[in-house]
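One-based numbering, in listed order, for ligands and for the atoms of each. Please read all numbers here as calculations on a predicted model, not as lab measurements.
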Amino acid sequence: MRTQVCIIGGGPSGLLLSQLLHLNGIETVVLEKHTREYVLQRIRAGVLEHGFAQLMREAQCGERMDRECEIHHGFFIAREGILNRVDLHKYSGGNSVVVYGQTELTRDLCDARARMGGIVVHDAQDVALHDIASDKPFVTYTRDNATYRIDCDYVVGADGFHGISRKSIPASVLQEHEKIYPFGWLGVLSRTKPVSPELIYVKHQRGFALCSMRSQVLSRYYVQVPLTDKEEDWSDDAFWTELKNRLPGEVAARLQTGPAIEKSIAPLRSYVCEPMRYGRLFLAGDAAHIVPPTGARGLNSAASDVYYLFQGLVEHYRTGSERGLETYSQRALARVWKGQRFSWWMTMMLHTFPDAISYDRKLQDTDLDYLFSSDAAMASLAENYVGLPF
Ligand code: APR
Ligand code: PHB
């Protein structure tokens with residue numbers, strides 16, 4: 001088989017890029033190692049920057065999102081039992097965020113690809129990249145005990161942090177930057193009414209907590225836990241009790257609890273690999289960078305990668321120019337690192353660090369004091385949270 005762009009990974013990054021390229025007459029094949037059902041049962045984040053939402057509309061995949069999402073003009077930070085509102089709309093010059101589950105967004109992209117005859121190969125095993133430093137790269141994979149080869153012009157590694165693409169770049173070329181945090185997030189999904197119309201980020205001496213949602217009947221909650229904790233250590237009752245212990249009293253009193261329909265612990269890490277291009281291979285999304293979820297930047301960082309790569313490939317195939325592709329890595333990394341900084345800052349400000357000294361704790365309090373006493377500080381948070389321009 002031959003195609004123009006072979007995309008490794010059928011998650012949000014790979015599917016969105018495939019859809020955008022298809023709409024601009026560029027052929028793609030997406031290779032996904034899991035089944036469609038497996039990909040669509042993943043519970044992921046749920047806050048989209050307005051730029052990502054616009055990209056979904058440009059990809060003709062925004063209809064259900066616009067019908068079912070919530071538009072949030074702010075969120076709360078709770079500290080010492082008090083709710084403080086961050087007015088995103090006021091401080092970002094009228095912008096907001098779209099609350100819509102990544103699971104649903106991935107479903108919309110999957111359905112659009114199928115509707116438009118896109119080639120998305122699920123259950124593609126043993127994907128291997130070949131001759132990516134040449135002008136004739138190709139990709140091989142196995143499925144149903146047969147081996148297949150795809151010759152292409154370009155390969156896009158959208159296969160997430162644990163994918164094969166980044167590992168196909170020679171170690172002598174790759175520069176990696178990583179920071180591991182000494183805690184994780186225990187997340188619970190419950191068919192309950194969200195405790196608040198807007199998200200609540202909680203700074204508490206017992207640990208961070210977050211009240212989020214997927215809809216008015218589906219809530220998403222998190223509590224910071226030690227890295228040694230396991231999901232099975234936490235009964236539903238234990239989770240709800242701990243969450244209530246960290247929430248302001250008025251909020252805890254109205255918290256609707258119920259059975260956890262999903263419960264998982266995710267470690268927190270910051271990671272960036274440079275460059276995001278090697279020969280005919282381009283990395284996009286989690287394949288190249290990971291952020292702690294505190295700033296809701298994960299999927300949104302992937303959006304700008306997809307946007308820049310989509311622009312570069314369309315420019316190449318339409319005009320023959322290589323400029324967009326040659327500047328992709330530098331352009332993508334410039335915005336990725338701003339998202340890294342914001343996610344790191346929100347994480348350092350709101351979590352309890354087991355080995356923190358008193359000076360660290362005073363800085364956390366000062367960060368919050370400054371935030372809620374300075375329009376400039378609030379504007380800085382707001383412009384990052386709603387999404388820096390692409
Ligand atoms: N071969 C083929 N597919 C692979 C391989 C491989 N070797 N390794 C991983 N994949 C697939 C995974 O099964 C997954 O479906 O690549 C996809 C990568 O998707 P994500 O991990 O979701 O990464 P991305 O598409 O960049 O989305 C970024 O999604 O992970 C969430 O919220 C998270 O911000 C992140 C966002
Ligand atoms: C979520 O709804 O899962 C979510 C929201 C905001 C975050 C992280 C996760 O910062």
Side-chain angles (χ1 to χ4, degrees), residues 6-18 29-49 52 70 72 75 77 97-103 105-106 109-110 120-129 139-143 155-168 185 187-189 194 198-202 208-215 218-222 262 264 266 268 271 283-306 309 336 339 342-343 346-347 350 385:
C6 184
I7 299 172
I8 319 299
S13 300
L15 293 170
L16 179 56
L17 179 62
S18 173
V29 172
V30 177
L31 299 179
E32 165 55 48
K33 75 174 180 183
H34 288 299
T35 62
R36 184 181 185 280
E37 293 67 30
Y38 183 92
V39 171
L40 293 179
Q41 55 78 41
R42 287 175 180 141
I43 302 298
R44 294 283 169 74
V47 172
L48 308 179
E49 294 175 356
F52 192 110
E70 294 191 5
H72 285 199
F75 64 84
I77 295 179
V97 288
V98 169
V99 174
Y100 186 64
Q102 184 179 309
T103 308
L105 176 146
T106 307
L109 288 165
C110 263
V120 180
V121 179
H122 285 99
D123 260 337
Q125 303 301 318
D126 312 314
V127 169
L129 284 60
V139 176
T140 55
Y141 68 95
T142 62
R143 191 169 190 276
V155 181
V156 174
D159 47 351
F161 186 68
H162 301 290
I164 187 68
S165 300
R166 185 180 68 249
K167 296 163 189 165
S168 302
W185 280 17
V188 158
L189 196 64
E198 294 177 328
L199 274 61
I200 304 176
Y201 291 79
V202 183
F208 170 84
L210 172 60
C211 302
S212 184
M213 68 201 69
R214 294 292 176 270
S215 68
L218 197 57
S219 299
R220 182 67 166 164
Y221 294 106
Y222 299 93
E262 193 269 351
S264 55
L268 272 63
Y271 173 89
L283 301 180
D286 275 17
H289 43 77
I290 294 284
V291 283
T294 327
R297 288 312 85 197
L299 182 56
N300 295 301
S301 303
S304 47
D305 296 348
V306 168
L309 195 45
V336 161
F342 178 68
S343 304
M346 286 280 279
T347 301
L350 296 173
Y385 197 89

Are side-chain heavy atoms of [X] and [Y] found at a separation under 4.5 Å?
{"X": "C6", "Y": "L31", "value": "yes"}
{"X": "I77", "Y": "L350", "value": "yes"}
{"X": "Y141", "Y": "K33", "value": "no"}

| query | What class does the angle between the rings of W185 and Y222 fall in, given that below 30° is parallel, 30 to 60° is tilted and above 60° is perpendicular? | reply |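 Geometry flag for Y222 against W185: tilted rings.
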Taking all non-hydrogen atoms of both residues into account, name the closest pair between [X] and [Y] and its distance.
{"X": "F52", "Y": "L105", "answer": "CE2-CD1, 3.3 Å"}
{"X": "L309", "Y": "L17", "answer": "CD2-CD2, 4.0 Å"}
{"X": "G10", "Y": "T106", "answer": "O-CG2, 4.5 Å"}

| request: Could you please provide the protein residues found below 4.0 Å of ligand 2 on a heavy-atom basis, arranged by chain and number? | output: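 Ligand 2 pocket, heavy atoms under 4.0 Å: A45, G46, V47, W185, L199, Y201, L210, S212, R214, R220, Y222, P293, T294, A296.
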Taking only distance into account, with no hydrogens and no angle test, what donor-acceptor pairs under 3.5 Å do side-chain atoms of residues 291-305 form with protein atoms, sequence neighbours excluded?
residue	atom	partner	partner atom	Å
T294	OG1	T347	OG1	2.6
R297	NE	G295	O	2.6
R297	NH1	E49	OE2	2.4
R297	NH1	N384	O	2.9
R297	NH1	Y385	O	3.3
R297	NH2	G295	O	3.0
R297	NH2	Y385	O	2.7
N300	OD1	E49	N	2.8
N300	ND2	V47	O	3.1
N300	ND2	A296	O	2.8
S301	OG	R297	O	2.8
S304	OG	S301	O	3.1
S304	OG	R335	NH1	2.9
D305	OD2	G285	N	2.8
D305	OD2	H289	NE2	2.5

Dump all N/O pairs between ligand 1 and the protein below 3.5 Å as a table: atom names plus distance, one pair per row.
residue	atom	partner	partner atom	Å
ligand 1	3 (N)	K33	N	3.2
ligand 1	13 (O)	E32	OE2	2.7
ligand 1	13 (O)	R42	NH2	2.7
ligand 1	15 (O)	E32	OE1	2.7
ligand 1	15 (O)	E32	OE2	3.4
ligand 1	15 (O)	R42	NH1	2.7
ligand 1	15 (O)	R42	NH2	3.2
ligand 1	22 (O)	R44	NH1	3.1
ligand 1	25 (O)	P12	N	3.3
ligand 1	25 (O)	S13	N	3.0
ligand 1	25 (O)	S13	OG	3.3
ligand 1	26 (O)	S13	OG	2.8
ligand 1	26 (O)	D286	N	2.9
ligand 1	29 (O)	Q102	NE2	2.8
ligand 1	30 (O)	R44	NH1	2.7
ligand 1	30 (O)	D286	OD2	3.1
ligand 1	32 (O)	Q102	OE1	2.9
ligand 1	34 (O)	D286	OD1	3.4
ligand 1	34 (O)	G298	O	3.4
ligand 1	34 (O)	L299	N	2.9

| said: Just to verify, what does H72 make a side chain to side chain contact (heavy atoms under 4.5 Å, CB included) with, not counting sequence neighbours? | reply: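 Scan of H72 (side chain to side chain contact (heavy atoms under 4.5 Å, CB included), adjacent residues dropped) gives E70, V97, V99, E198, L199, M213.
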